[in-house]
Amino acid sequence: MSGSLIKIYEEIVTSAVASVTLTGIDSTYDVYMVKFSNLKPTTDNVLNRVRILVSSSADTSSNYDFANKGLRSDTTFDNNSNTNGTYWEFDRSGNATGENTNATLYLFNFNNASEYNFITTEFTGSSPFDLIYGATGGGVHTVAQASNGIEFFFSSGNIDTGSKFTLYGLKK
């Protein structure tokens, strides 16, 4: 697998921003991967949200379906899902010292105008509830359209400094 990930774009947040967009998805690769690390909100106890970009603009239609399984250090589990939303939503983040979120997302069919966009997700971090968590899941955007990027934002507040986002293409 050496050399199969090609870095396309990287964004390191140097001052708080409402959202981060990663563009550069085209027909070069069938599958893309996004990694983010040290994701932290300026507002405590908020939800991580994701949208696709169509012609570099966020698609806010009600066509996002998702589901995930949360694994928590307090021995309980979360089952989260939604249909016909205006974004994918995957976990909760806090802003106290030591709280942050890290994730890997795989993006499928993003530049194929004849197919739905799919993502798979793996999140891990420390939450605003004094526990360590992980979550795995996925989502589908139920419209056949080409997408050229992805947007990250929180349910309220901004993305804090130090958050790092990287978009990769997976060689065919």
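- When ring centroids are compared, F110 and Y32 stay outside the 6.0 Å threshold.
- Distance alone, capped at 3.5 Å, places no donor-acceptor pair between the T120 side chain and the G138 backbone.
- Of the possible donor and acceptor atoms, none in the side chain of S81 sits under 3.5 Å from a partner among the backbone N and O of A67.
- Here CD of E151 is found 6.0 Å from CZ of R51. Values are rounded to the nearest 0.5 Å.
- Going from atom CD1 of I12 over to atom OG1 of T166 covers 7.0 Å, rounded to the nearest 0.5 Å.
- Rounding to the nearest 0.5 Å gives a distance of 7.0 Å between CG of L167 and CG of L107.
- Looking at T104 and E122, their side chains never bring a donor and an acceptor atom within 3.5 Å of each other.
- In this structure, the ring of H141 has its center no less than 6.0 angstrom from the ring center of Y116.
- Looking at every heavy atom in both residues, S93 comes nearest to T101 through OG-OG1, 3.0 Å.
- Contact annotation: the side chain of E89 approaches that of F66 to within less than 4.5 Å [non-hydrogen atoms, C-beta and beyond].
- The shortest side-chain heavy-atom distance between L5 and K7 does not fall under the 4.5 Å cut-off.
- A donor-acceptor pair under 3.5 Å is formed between the side chain of S163 and the backbone N or O of N38.
- Using a 4.5 Å heavy-atom threshold, the side chains of L22 and V34 count as touching.
- Annotation: the span from E115 atom CD to S147 atom OG amounts to 12.0 Å, rounded to 0.5 Å.
- Residues Y87 and S62 have side chains that never bring a donor and an acceptor to within less than 3.5 angstrom of each other.
- Atom CG of N84 sits about 12.5 Å away from atom OH of Y64, to the nearest 0.5 Å.
- At a threshold of 4.0 Å, the pair D78-R72 counts as salt-bridged, since one of the basic side-chain nitrogens sits closer than that to a carboxylate oxygen.
- In the model, D59 has a side-chain atom that pairs as donor or acceptor with a side-chain atom of Q145 under 3.5 Å.
- One side chain, S56 or N148, offers a donor N or O that lies under 3.5 Å from an acceptor on the other.
- Cluster membership check: M33 shares its hydrophobic cluster with V140, using side-chain heavy-atom separations under 4.5 Å among Ile, Leu, Val, Met, Phe, Trp and Tyr.
- Taking CG from L71 and CZ from F77, the interatomic distance works out to 6.0 Å, rounded to the nearest 0.5 Å.
- Looking at heavy atoms from C-beta onward, I8 lies in side-chain contact with Y29 at the 4.5 angstrom threshold.
- Under 3.5 Å, the side chains of N111 and D26 contain no donor-acceptor pair of N or O atoms.
- With hydrogens and angles ignored, the 3.5 Å screen pairs a side-chain donor or acceptor of D44 with a backbone N or O of N95.
- Contact of the T21 side chain with the L53 side chain is registered, since non-hydrogen atoms from C-beta on lie closer than 4.5 Å.
- Listed here is the closest heavy atom pair of V46 and P41: CG2-CB, 3.5 Å.
- With a 4.5 Å cut-off on side-chain heavy atoms, F154 and I159 count as touching.
- The two residues A16 and T42 make their nearest non-hydrogen contact at CB-CG2, 3.9 Å.
- A donor-acceptor pair shorter than 3.5 Å cannot be found between the side chains of N109 and N117.
- No donor-acceptor contact under 3.5 angstrom links the side chains of T86 and T60, judged on distance only.
- E11 has no carboxylate O lying under 4.0 Å from a charged side-chain N of K164, or vice versa, which leaves the two without a salt bridge.
- Looking at heavy atoms from C-beta onward, T124 lies out of side-chain contact with Y133 at the 4.5 angstrom threshold.
- Within the 3.5 Å criterion, the main-chain N or O of S114 finds a donor-acceptor partner in the side chain of N112.
- No side-chain donor-acceptor contact under 3.5 Å links T136 to the backbone of K69.
- Across all non-hydrogen atoms, the minimal contact from F153 to S19 is CB-CB, 3.9 Å.
- The distance between the ring centers of F152 and F36 falls below 6.0 angstrom.
- A heavy-atom distance below 4.5 Å is not found between the side chains of T23 and I25.
- Placement of L105 and V20 within a single hydrophobic cluster is found when ILVMFWY residues are connected by side-chain heavy-atom separations under 4.5 Å, directly or transitively.
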